[in-house]
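Shown next, in structure tokens, is the structure this report addresses.
Scope of the values below: all heavy atoms of this structure, side chains included, with no hydrogens, waters or symmetry mates. Just so we're on the same page: letters track the sequence lines, and every chain starts at 1. The shown structure was predicted, so the numbers you read here are calculated from the model rather than taken from an experiment.
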There are 2 protein chains.
Amino acid sequence: MSGRHHSRPTGADEDRECQDIRETLSRIGDKWSVHVIGSLIEGPMRYNRLRRAVSGISQRMLTLTLRLLERDGLVKRDVLHTAPPTVEYQLTALGETLIEPIRALSHWAREYRHEIRDARSSFDSRSG
Amino acid sequence: MSGRHHSRPTGADEDRECQDIRETLSRIGDKWSVHVIGSLIEGPMRYNRLRRAVSGISQRMLTLTLRLLERDGLVKRDVLHTAPPTVEYQLTALGETLIEPIRALSHWAREYRHEIRDARSSFDSRSG
DNA sequence: CGGAATCCTCATTGATACTG
DNA sequence: CAGTATCAATGAGGATTCCG
């Protein structure tokens with residue numbers, strides 16, 4: 001996670017980098033954030049449509065997830081003054097910068113899913 | 001998370017990709033895995049040294065985390081027949097492939113940490 | 001439509017003590 | 001040294017109900 005060039009990284013460098021990555025992971029590594037972000041890639045979306053897009057999410061968790069993403073500046077919330085009220089969510093510019101790194105992880109997961117599955121069943125059979 | 005070329009992705013594509021990414025995130029998005037992986041990048045390491053490297057981790061969680069990483073084929077556990085026993089952990093080839101995507105997220109976290117901090121304090125002051 | 005509030009459950013984690 | 005076993009606490013998440 002550290003070690004630029006060929007020099008040994010200091011422990012402090014490591015700690016700071018691990019902090020950074022852990023912060024990001026706790027932001028998007030929860031149960032729903034990536035699903036929500038993934039849905040919003042397609043474009044702005046309203047609350048109930050988002051709810052259908054992210055199948056399985058409860059109303060509580062959708063609201064909570066959106067609030068946290070909004071708080072971190074990754075998602076923008078727009079209230080349109082209609083009756084009944086219309087609320088639209090979309091990725092911010094900052095939110096869009098997250099797409100690439102997430103996609104990288106997604107590709108990794110894709111590429112190695114079978115190796116992981118095999119490693120698992122092998123481990124499980126060894127353990128009884 | 002999908003949308004290759006310019007064609008609209010199907011919902012099924014999206015779901016599958018979100019599944020993949022969620023699986024990866026639940027594997028490494030827990031409280032300790034990234035710390036452990038980050039420490040093992042430097043090379044093989046024994047249990048107690050790892051424990052000191054990942055400061056704050058309990059014995060229980062270190063063992064648990066290592067088991068899960070081993071199960072998924074990301075970490076290799078070697079028992080050296082000495083007295084007292086010596087156990088060495090290291091990343092597998094598969095484990096090493098994870099370094100790059102993790103580093104990408106790490107860089108993202110670094111690059112935008114201030115924007116996120118500002119977004120947060122702005123949001124919090126708006127909310128009271 | 002787009003939530004907020006409440007209650008409840010279960011999974012994750014930590015602390016502690018013990019062991020080959 | 002490198003764990004295992006047990007228990008207690010914390011907190012994320014789901015279900016339900018109510019609201020402007």
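Comparing D:dT4, D:dG13, C:dT13 by their closest approach to the side chain of B:Q59 singles out D:dT4. The side chain of A:T63 lies closest to C:dA4, out of C:dG2, C:dA4, D:dG14. Between C:dC1, D:dG14, D:dG13, one nucleotide has an atom nearer to the side chain of A:D30 than all others, and that is D:dG13. Of all nucleotides listed (D:dG14, D:dG3, C:dT13), D:dG3 comes nearest to the side chain of B:Y47. When distances run from any side-chain atom of A:M61 to the nucleotides C:dT13, D:dG13, C:dA4, the shortest one goes to D:dG13. The side chain of A:K31 approaches D:dG13 more closely than any other nucleotide in the set D:dG13, C:dG3, C:dC1.
With contacts defined as side-chain heavy-atom distances shorter than 4.5 Å, the pair B:L62/B:V36 qualifies. At least one side-chain heavy atom of A:I116 sits under 4.5 Å from a side-chain heavy atom of B:L94. A 4.5 Å side-chain heavy-atom check between B:T63 and B:R67 finds at least one atom pair inside the cut-off.
For the pair B:R49 CZ and D:dG3 P, the computed distance is 16 Å after rounding to whole Å. Rounded to whole angstrom, the span from the CG atom of B:L66 across to the P atom of D:dG3 amounts to 8 Å. In this structure, CG of B:L50 is placed 14 Å from C1' of D:dC1, rounded to the nearest angstrom. Between the CZ atom of B:R51 and the C1' atom of C:dG14 there is a distance of 12 Å, given to the nearest Å. One interatomic measurement links the two molecules: CG of B:L64 to P of C:dT12, which rounds to 9 Å at whole-angstrom precision. Rounded to whole Å, atom C1' of D:dA2 lies 16 Å from atom CZ of B:R60. If you measure from atom CG of A:L25 to atom P of D:dA12, you get 16 Å, rounded to the nearest angstrom. Here D:dG3 presents its P atom at 14 Å from CG of B:L68, a figure rounded to the nearest Å.
Distances shorter than 4.0 Å separate some side-chain N or O of A:R67 from OP1 or OP2 on C:dA4. For D:dG3, the OP1/OP2 oxygens have a side-chain nitrogen or oxygen of B:R77 closer than 4.0 Å.
Classification of A:D78 and A:K76 as a salt-bridged pair holds, one side-chain N sitting under 4.0 Å from a carboxylate O.
Within 4.0 Å of A:R46, counting heavy atoms only, lie sugar-phosphate atoms of the nucleic acid but no base atom. B:T86 comes within 4.0 angstrom of the backbone, heavy atoms only, and of no base.
Applying side-chain contact (heavy atoms from CB on, under 4.5 Å) to A:W108 and the options B:I102, B:I28, B:T97, B:I21 leaves one that passes, B:T97.
Each of A:P85 and A:I57 was assigned the nucleotide of DNA chain D with the nearest heavy atom; the assignment lying further toward the 5' end belongs to A:I57.
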